[in-house]
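The chains referred to below are lettered A, B, ... by the order of the sequence lines, with proteins before strands, and numbering in each begins at 1. Just so it is clear, the model here is predicted, and its values are computed rather than measured.
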Protein chains: 2
Amino acid sequence: MRFSHQRELIKKVVHSTNSHPTADWIYAQVRSASPKISLGTIYRNLKQLTEEGFIRTIYDGNVARYDWNINSHHHLKCMECGDLIDIQLSNEDMTKSIRKEFDFEVSDVEITLLGKCNKHN
Amino acid sequence: MRFSHQRELIKKVVHSTNSHPTADWIYAQVRSASPKISLGTIYRNLKQLTEEGFIRTIYDGNVARYDWNINSHHHLKCMECGDLIDIQLSNEDMTKSIRKEFDFEVSDVEITLLGKCNKHN
DNA sequence: CTAGTAATAGGAATAATTACTGTTTATTTT
DNA sequence: AAAATAAACAGTAATTATTCCTATTACTAG
Ligand SMILES: [Mn+2]
Ligand SMILES: [Mn+2]
Ligand SMILES: [Zn+2]
Ligand SMILES: [Zn+2]
């Protein structure tokens with residue numbers, strides 16, 4: 001993977017926020033620093049950055065979001081405001097018991113817990 | 001919700017398979033019984049059936065899939081063939097500890113475990 | 001039967017994402 | 001350092017999934 005100014009910017013933007021941004025949001029941010037960038041470049045690089053392990057892609061309903069935090073963690077999704085909140089759940093036990101019971105080799109666990117966050121009490 | 005022939009067909013198709021079909025697949029099936037049906041009708045009714053609790057909508061990456069099984073359960077997703085396999089995980093403990101720790105009221109848990117199913121050993 | 005309302009078909013519109021093409025640019029080779 | 005090579009880019013078209021709109025059809029209550 002060759003160096004690219006655009007990719008560095010994209011990486012920086014993803015790493016700058018905790019909000020699990022969409023491609024579109026990232027596009028808007030990167031644009032202010034590099035106005036000629038195209039959305040295709042955003043998507044292409046987000047995919048590359050994911051493949052190289054610099055960021056993670058997560059799915060929120062039917063849109064992709066990007067996460068600087070590549071450590072294994074999960075999300076609480078508020079049904080009111082849509083926020084995704086990071087959460088840590090040990091999935092080692094799960095992985096083991098699933099290998100045994102289902103003969104299925106788990107390599108990644110995607111968990112989203114839907115509900116209401118404390119802003120809506 | 002008034003009776004509709006089309007909706008009954010759609011419900012029947014979803015209930016006829018364990019494969020967590022997409023709207024498109026359902027469309028193809030329903031079409032053979034009711035060739036004039038439109039994709040809009042499929043989506044509208046899938047949404048209604050979900051709202052009324054006859055089926056569940058689940059997200060597989062960025063496409064919606066539909067599940068006749070409305071009981072709380074989760075899925076193993078094979079990264080090789082894309083199959084979704086039903087799995088039961090008790091999420092009561094999880095829900096409780098999250099209420100305590102995050103002040104977040106969980107109403108639904110979406111879990112997808114990505115990996116390889118036993119077809120690929 | 002007739003009015004009112006719910007549902008439909010068909011197609012247009014939108015949103016997210018990917019693919020294509022000619023041009024630019026980083027890196028390698030001379 | 002200049003030329004050659006190949007990766008990356010911008011711009012745009014195409015695709016895919018989904019929703020929205022409109023005129024038409026079909027139940028249902030009066
Ligand atoms: Mn996260
Ligand atoms: Mn299922
Ligand atoms: Zn919230
Ligand atoms: Zn498989």
For nucleotides 20-30 of chain C, just jot down a letter per nucleotide in 5' to 3' order: B, S or -, based on protein non-hydrogen atoms under 4.0 Å.
-> -----BBS---

Protein proximity profile, nucleotides 12-19 of chain C - base contact B, sugar-phosphate-only contact S, no contact -, cut-off 4.0 Å on heavy atoms | ----SBB-

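Note: CD (Gln6(A)) to C1' (dG11(D)) measures 14 Å, nearest angstrom. Rounding to whole angstrom units, CG of residue Leu46(B) and P of dT18(D) are separated by 10 Å. Going from atom CD1 of Ile42(A) over to atom C1' of dA8(D) covers 13 Å, rounded to whole Å. Atoms CZ (Arg31(A)) and P (dC9(D)) sit 16 Å apart, rounded to a whole Å. To the nearest angstrom, P of dT18(D) lies 14 Å from CG of Asp60(A). As a whole-Å value, the separation of Trp25(B) CH2 from dA17(D) C1' is 18 Å. One can place CD of Glu51(A) at 15 Å from C1' of dA7(D), the figure rounded to the nearest angstrom. When rounded to the nearest whole Å, the span between CD of Glu52(B) and C1' of dA6(C) equals 14 Å.
Separation of atoms OG1 (Thr95(A)) and NZ (Lys100(A)) is listed at 14.5 Å; rounding is to 0.5 Å. Taking CD1 of Ile10(B) as the start and OG of Ser4(B) as the end, the distance is 7.0 Å to the nearest 0.5 Å. Separation of atoms CD (Glu51(A)) and CG (Asn45(A)) is listed at 11.0 Å; rounding is to 0.5 Å.
Clustering ILVMFWY residues whenever any of their side-chain heavy atoms sit less than 4.5 angstrom apart, transitively, puts Ile55(A) in the very cluster that holds Trp25(A).
Listed by first and then second residue, the ring-ring contact (aromatic ring centres under 6.0 Å, His included) pairs that reach into residues 47-80 of chain B are His20(B)-His75(B), His73(B)-His75(B), sequence neighbours excluded.
When each of Thr22(B), Asp60(B), Thr57(B) is tested with Arg65(B) by the rule side chain to side chain donor-acceptor pair (under 3.5 Å), just one qualifies, namely Asp60(B).
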Check step by step if side-chain contact (heavy atoms from CB on, under 4.5 Å) holds for Asn18(A) and Asn69(A).
-> CA-CA 9 Å; Asn18(A) 228 11; Asn69(A) 187 353; over 6 Å; no

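Between Gln48(A) and dA7(D) there is no side-chain N or O to OP1 or OP2 distance below 4.0 Å.
Asp24(B) places a side-chain heavy atom less than 4.5 Å from the side chain of Leu39(B).
Of all the heavy atoms in Tyr27(A) and Ile37(A), the pair that sits closest is CE1-O, 3.5 Å.
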